[in-house]
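Step one of this worksheet: look at the structure below.
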2 protein chains.
Amino acid sequence: MLERKESPLVSPLIGEKSTIYSYILNDIANAVFQSGDRLVSTKLAEKYQTSINPVREALKQLQGEGFVTVEPNSGARVARFEYNTLRDVFEILQLLEPYLMSWFVEEHSEEDRNEMESLLKEMETATDQEYRALDTQFHWLTVKNHYNIKAVDLWRRNRLILLAMQSNVRLNTTRIKQSIEEHKRIISGLKNRDVTAVLDIMTEHIGNSGKYWTKYLSRNHI
Amino acid sequence: MLERKESPLVSPLIGEKSTIYSYILNDIANAVFQSGDRLVSTKLAEKYQTSINPVREALKQLQGEGFVTVEPNSGARVARFEYNTLRDVFEILQLLEPYLMSWFVEEHSEEDRNEMESLLKEMETATDQEYRALDTQFHWLTVKNHYNIKAVDLWRRNRLILLAMQSNVRLNTTRIKQSIEEHKRIISGLKNRDVTAVLDIMTEHIGNSGKYWTKYLSRNHI
DNA sequence: TTCATCAAAATTATGTGTAATTTATAAAAA
DNA sequence: TTTTTATAAATTACACATAATTTTGATGAA
């Protein structure tokens with residue numbers, strides 16, 4: 001189709017790579033197209049060197065997945081990611097993560113844990129952009145093999161919305177340090193296969209993250 | 001577009017009525033199109049008296065929502081609803097229902113409760129087809145006004161999948177009686193605004209329903 | 001200035017036609 | 001008989017064209 005700068009940030013969460021669908025989703029997740037932006041099919045067709053029909057179909061699919069809203073006779077927009085959305089997404093993740101995680105605690109391999117630890121090492125020296133990518137990889141590792149494909153997909157989509165909302169914003173150092181600490185505790189809980197301990201940390205982890213972002217958003221009147 | 005027999009069964013869960021999208025979704029939810037059936041765009045265009053582009057777009061949206069699978073260069077099919085799907089759907093509902101319900105316990109009006117009681121009355125004399133419709137209405141009442149739109153939508157979609165899987169099958173009388181009893185207990189819990197009691201009954205209710213259907217499916221090797 | 005009105009431009013919605021691809025069918029070879 | 005291969009039919013994918021609708025912007029009246 002067209003030259004596209006790679007978006008390594010989101011890659012694990014977006015499967016197929018070379019479709020208009022994934023181009024647009026990448027651009028949404030990386031805030032190239034931001035909350036509320038109009039997605040004009042003719043413009044997109046030009047951008048991706050194709051005709052409008054494939055674009056419209058991609059937009060319809062993204063509408064079905066909740067990333068795009070389509071107003072009849074008025075066109076498509078990036079879904080509005082604002083305060084309420086963030087709250088809703090976090091609350092859904094707070095239901096999903098423990099469910100997905102409890103399976104992982106029992107079933108994960110030592111290999112998984114090693115991979116997590118190497119991710120954690122990278123986190124310690126990462127910039128905030130890199131940190132978000134690593135954090136995503138870390139959690140993706142804990143959900144991607146779960147038997148409930150629908151739940152995994154759900155998690156993935158909500159996580160992408162978070163990424164889209166956050167990619168404009170810098171993480172502060174305190175929150176990163178706190179977050180790394182929480183990841184460490186998760187790993188040690190996994191080592192002991194201690195389900196309740198891990199779930200406790202997880203809920204705390206998501207809760208803290210949620211608090212951080214809702215505070216951020218309310219401070220900035222989004 | 002075209003004459004369509006109404007599908008009162010699913011109506012509350014499918015919003016807009018006169019689009020190709022909702023026609024197809026209705027037909028899926030009512031098992032006119034069944035699990036795995038091919039959805040040939042030319043045929044559908046003919047059926048709904050339109051061209052293939054709108055059909056393709058509707059199918060793409062349904063793909064995004066998980067009702068349809070699309071294999072490139074091979075076409076669309078109704079998503080496969082089988083044993084694993086049922087398990088996954090029930091497990092997701094088991095996460096969602098308590099979350100949505102706990103809000104309803106606190107916030108519902110007396111009017112809501114009256115409506116639920118009149119639904120319950122109808123249930124006592126309903127055929128199994130009618131029973132499913134009433135049951136759906138009953139639960140829809142408890143979730144539709146929740147502030148978390150994403151969660152509500154999620155519930156709605158999973159519920160539709162259940163309907164699609166079950167619309168072929170007769171409910172037995174014992175299960176209906178048991179189910180009515182559970183509904184009664186839910187209402188009385190609501191009256192007392194007793195969150196924990198209602199949630200307990202809910203988990204039991206979903207659990208029983210899940211058990212019934214997984215048993216049914218495994219017995220019939222689906 | 002502010003509001004209402006109307007025409008032009010932009011954009012969406014969808015119908016039609018064609019190339020590319022896959023699937024189905026049947027004949028030929030093992 | 002079974003497998004392979006070739007051909008025809010069906011179907012998808014997409015470019016293009018046109019109709020319908022909305023948005024924009026200019027003009028004139030209050």
Side-chain angles (χ1 to χ4, degrees), chain A residues 1-4 14-28 32-82, chain B residues 1-4 14-28 32-82:
Chain A
M1 304 274 154
L2 192 63
E3 32 66 47
R4 302 279 307 141
I14 302 178
E16 13 148 31
K17 267 277 159 220
S18 52
T19 61
I20 296 157
Y21 162 83
S22 59
Y23 291 157
I24 298 175
L25 183 49
N26 256 298
D27 282 346
I28 291 174
V32 177
F33 304 138
Q34 298 192 13
S35 167
D37 282 0
R38 285 199 66 185
L39 297 169
V40 177
S41 45
T42 50
K43 302 268 173 65
L44 292 171
E46 198 178 357
K47 177 172 181 185
Y48 301 125
Q49 295 289 320
T50 178
S51 74
I52 60 171
N53 284 23
V55 171
R56 286 180 58 87
E57 284 170 20
L59 290 174
K60 275 285 171 187
Q61 187 178 346
L62 289 164
Q63 178 191 11
E65 295 178 352
F67 295 110
V68 163
T69 58
V70 177
E71 204 76 33
N73 288 319
S74 166
R77 291 172 176 277
V78 178
R80 290 205 172 277
F81 305 137
E82 43 203 5
Chain B
M1 303 269 153
L2 191 63
E3 32 66 49
R4 304 277 309 140
I14 300 177
E16 15 149 28
K17 268 277 159 218
S18 52
T19 61
I20 296 156
Y21 162 83
S22 59
Y23 291 156
I24 298 174
L25 183 50
N26 256 298
D27 283 345
I28 291 174
V32 177
F33 303 137
Q34 298 192 12
S35 167
D37 281 359
R38 284 197 69 185
L39 296 168
V40 177
S41 45
T42 50
K43 300 269 173 63
L44 291 172
E46 198 178 0
K47 177 172 182 187
Y48 301 124
Q49 294 291 320
T50 178
S51 71
I52 60 171
N53 283 13
V55 171
R56 286 179 59 86
E57 284 172 20
L59 290 174
K60 274 286 170 185
Q61 186 179 348
L62 290 163
Q63 177 190 12
E65 295 178 350
F67 295 111
V68 163
T69 58
V70 177
E71 204 76 34
N73 288 320
S74 167
R77 290 171 177 279
V78 178
R80 290 202 173 279
F81 305 136
E82 43 203 6

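In what follows, every chain begins at residue 1, and chains take the letters A, B, ... in the order their sequences are listed. Small disclaimer: the values here were computed from a predicted structure and weren't measured.
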Are any non-hydrogen side-chain atoms of B:Leu44 and B:Tyr23 less than 4.5 angstrom apart?
->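 Counting from C-beta outward, B:Leu44 and B:Tyr23 never come under 4.5 Å.
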Side chains of A:Ile24 and A:Tyr48: closer than 4.5 Å at any heavy-atom pair?
->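 Counting from C-beta outward, A:Ile24 and A:Tyr48 do come under 4.5 Å.
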Could you check how far [atom1] of [X] sits from [atom2] of [N], rounded to whole Å?
X       : N      : atom1 : atom2 : answer
B:Leu39 : D:dT12 : CG    : P     : 9 Å
A:Tyr21 : D:dC14 : OH    : P     : 16 Å
B:Ile20 : C:dG15 : CD1   : P     : 7 Å
A:Tyr48 : D:dC14 : OH    : P     : 15 Å
B:Glu71 : D:dT11 : CD    : P     : 17 Å
B:Glu57 : D:dT12 : CD    : C1'   : 15 Å
B:Glu46 : C:dG15 : CD    : C1'   : 15 Å
A:Arg77 : D:dT22 : CZ    : P     : 15 Å

Residues which pass side-chain contact (heavy atoms from CB on, under 4.5 Å) with A:Gln63, listed by chain and number, not counting sequence neighbours | A:Lys60, A:Val70, B:Gln61
Please name all residues satisfying side-chain contact (heavy atoms from CB on, under 4.5 Å) with A:Val78, sequence neighbours left out, ordered by chain then number.
-> A:Ile28, A:Phe33, A:Asp37, A:Leu39, A:Phe81
Inter-axis angle, terminal five-pair segments of the helix from C:dT1-D:dA30 to C:dA30-D:dT1 [nearest 10°] |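 Axis angle across the helix from C:dT1-D:dA30 to C:dA30-D:dT1, nearest 10°: 20°.
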Of all heavy-atom pairs between B:Pro54 and B:Ile20, which one has the smallest distance, and what is that distance?
->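 Closest pair (atom of B:Pro54, atom of B:Ile20, distance): CB-CD1, 3.5 Å.
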Heavy-atom closest pair (A:Gly66 atom, A:Ala79 atom, distance to 0.1 Å) is O-CB, 3.7 Å
Heavy atoms under 4.0 Å is the rule here; annotate nucleotides 18-25 of chain C 5' to 3' with B where the base is hit, S where only the sugar-phosphate is, and - elsewhere.
-> ---SSS--
How long is the span from the CG atom in A:Leu62 to the CG atom in A:Leu25, to the nearest 0.5 Å?
->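 Between A:Leu62 CG and A:Leu25 CG, I get 6.0 Å after rounding to 0.5 Å.
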Kindly write out the residues that satisfy salt bridge (charged side-chain N to carboxylate O under 4.0 Å, His left out) with A:Glu57, not counting sequence neighbours, or none if the list is empty.
->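 Listed in chain order: B:Arg56.
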Mind jotting down which residue pairs meet the side chain to side chain donor-acceptor pair (under 3.5 Å) criterion with at least one end in residues 68-81 of chain B? Sequence neighbours excluded, please.
->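 Matches after skipping sequence neighbours: none remain.
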Residue B:Ser51, side-chain heavy atoms: nucleotide from C:dT14, D:dT12, D:dC14 that is nearest | C:dT14
For the side chain of B:Asn53, starting at C-beta, report the closest nucleotide among C:dT12, D:dC14, D:dT12.
->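 Nearest nucleotide to the side chain: D:dC14.
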Would you indicate, yes or no, if [N] has its OP1 or OP2 atom less than 4.0 angstrom from a side-chain nitrogen or oxygen of [X]?
X       : N      : answer
A:Arg56 : C:dA13 : yes
B:Ser41 : D:dT12 : yes
B:Lys43 : D:dA10 : no

